[in-house]
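Take a look at the structure set out below.
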Amino acid sequence: MSRPEVVDSVAALRAQVSDWRRDGLRVAMVPTMGALHEGHLSLIRIAREKAERCVVSIFVNPAQFAPSEDLDKYPRQLARDLDLLATVKADLAFTPTVGAMYPAGFATRISVGGPSAGLESDFRPTFFEGVATVVAKLFLQATPDCAVFGEKDYQQLCVVRQLCRDLDLPVEIIGAPTIRDAHGLAMSSRNAYLDEAELAVARQLNAILRRAAAALAAGTHQDDATGEAGRALIAAGFQKIDYVEARESLTLAPWRRDHAGRVLAAAWLGKTRLIDNVEVPTV
Ligand code: PAF
């Protein structure tokens, strides 16, 4: 198993993608911030099924972190990431520097409405601007045919879909199911911050959301179902709940009965903020 080729300049990335295109190959992209885990690897496996070549970007994007957030502490482990990329046969790793992505004088931000309203944006008001800006740049740099994003960051997936639709970016966005540990905890680079006791609490998040989704499907009013989930999270040991809400799956508008829905939540365990979401089952 050999590590993928690594490029850190847009020119080298474009040269490689052009070569593939000349050979008639379809190109997939998986944007990441590194600290790769099984969740990312599952995205790359899907990308490899959808295209003959797969580019993985590894870039901890400062534009999506607020000053109070964990930009400095965010795990960076490129050598380990490249070893993991070898196991899933990624073809190319794109590892730009902050200076290359945001050179002096950089002054453009992309703001996406629609699905970015509420949820994460109520607590991280500049987050999706940062995500949309970097994803648009990555797509214009790599010009992939398709890109794979995890449903774990469900609102992000909806925002990226909206971005491509609104800006006519010719990239097919593929949503991939969340990968969980044996106890239901969604894989996340931030799980590395949790100690053993916090991990035991974190592992209850998904079951609590599934109970809320089942209650909604069974006819419970959404304020009751999500309110009960919030109380259950506090009882489990979460210290603060940012939100537990039911939204429509496609638009993220407030959920209406008989529409496809998701229950989404963000909650704090010590200094770590965890998010998760589940589908409302259809009955
Ligand atoms: O989901 C992430 O890791 C990031 O938000 C992304 C999509 C790579 C943009 O920086």
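Basis for what follows: all heavy atoms, side chains included, without hydrogens, waters or symmetry-related copies. When a ligand or atom number is given, it counts from 1 through the structure's own listing order.
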Pairs under 3.5 angstrom, nitrogen or oxygen on both sides, ligand 1 versus protein: list them out, please.
from	atom 1	to	atom 2	distance (Å)
ligand 1	1 (O)	Gln156	NE2	2.8
ligand 1	5 (O)	Gln64	NE2	2.9
ligand 1	5 (O)	Gln156	OE1	2.7
ligand 1	10 (O)	Gln64	OE1	2.6

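Using the six-membered ring where Trp is involved, Phe59 and Tyr102 have ring planes that are tilted, between 30° and 60° apart. Between His40 and His37, the ring planes lie tilted relative to each other; the angle falls in the 30° to 60° range.
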> Between Val98 and Val60, does a side-chain contact (heavy atoms from CB on, under 4.5 Å) hold up when you go through it step by step?
Replying inline: CA-CA 8 Å; Val98 173; Val60 183; over 6 Å; no

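In this structure, Asp242 does not pair ionically with Arg124, as no charged nitrogen and carboxylate oxygen lie closer than 4.0 Å.
A 6.0 Å sphere centred on CG of Leu140 holds more than 12 heavy atoms belonging to other residues, nucleotides or ligands.
Counting Ile, Leu, Val, Met, Phe, Trp and Tyr side chains that sit under 4.5 Å apart, directly or through other members, Met187 shares a hydrophobic cluster with Ile179.
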